[in-house]
Each structure stands twice: as C-alpha cells, then as structure tokens.
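Here is the structure we will look at, set down as structure tokens.
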Amino acid sequence: GLYTYCCVSCNNRNILRAVNKGNCDLLEKCFNAKSLISNINEIWSEENKISPIYLATIRGNFKILKKFSEFYRNKKLHIR
C-alpha cells in the first residue's frame, strides 16, 4: 500500500518503489497523492542516483512509462 505518514522524501520514494515492482496501481496511488509528493522523479540517494523514469526506461516497462506520460500530460508538472 501507500504509506504517507512519514515525510515527503519517503513519499517521493514510494514512486520509485512502485516502478521497481512494476506496480501500476501503487504508482497511480502515488500520483493521486500529489499534494504529499514534491518530486515524482526524485533519485533514491546521492549514492544511488537511479530515478523512477530512468529505471522504467532501462527495464523497458512501457506500461509504467505510459503512466508517467499521462500524468505529465494531465497535470502539466515539471521534471526536476
């Protein structure tokens, strides 16, 4: 599930967790909780600079990439 009670940074990491698992339902929940998330393409850490969109790309997960595309198109958010 989506746990949003910790902090914004942990909430941002939920997106990477969803992409890592290939879980479109969890990714949708993250996108719907946009007020609790500051960056939907945040890297995991300075030591591990993998981002959700990069991970989906290298894995060839077009279903996840389509979700990101739809989210950006519908919400007009900026990638950091």
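- Taken together through direct or relayed side-chain contacts under 4.5 Å among Ile, Leu, Val, Met, Phe, Trp and Tyr, Y72 and I43 form parts of separate hydrophobic clusters.
- With sequence neighbours excluded, the residues that form a side chain to side chain donor-acceptor pair (under 3.5 Å) with E28 are K67.
- Remark: N12 engages S38, E42 in a side chain to side chain donor-acceptor pair (under 3.5 Å) (not counting sequence neighbours).
- Separation of atoms CD1 (I64) and CD1 (I15) is listed at 11.0 Å; rounding is to 0.5 Å.
- Looking at residues two or more places apart in sequence or on another chain, you find a side-chain contact (heavy atoms from CB on, under 4.5 Å) between F62 and L65.
- For E47, the side-chain contact (heavy atoms from CB on, under 4.5 Å) partners at least two apart in sequence or on another chain are S45.
- Placement of W44 and I58 within a single hydrophobic cluster is found when ILVMFWY residues are connected by side-chain heavy-atom separations under 4.5 Å, directly or transitively.
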Can you give each donor-acceptor pair under 3.5 Å made by side-chain atoms of residues 16-27, sequence neighbours left out, with the distance rounded to 0.1 Å?
from : atom 1 : to  : atom 2 : distance (Å)
R17  : NH1    : N14 : OD1    : 3.2
N20  : OD1    : R59 : NH1    : 3.1
N20  : OD1    : R59 : NH2    : 2.9
N23  : OD1    : D25 : N      : 3.1
N23  : OD1    : L26 : N      : 2.9

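- Every residue meeting the salt bridge (Lys or Arg N to Asp or Glu O under 4.0 Å) condition with K49, not counting sequence neighbours, appears here in chain and number order: E46.
- Between F68 and I40, the closest side-chain pair of non-hydrogen atoms falls below 4.5 Å.
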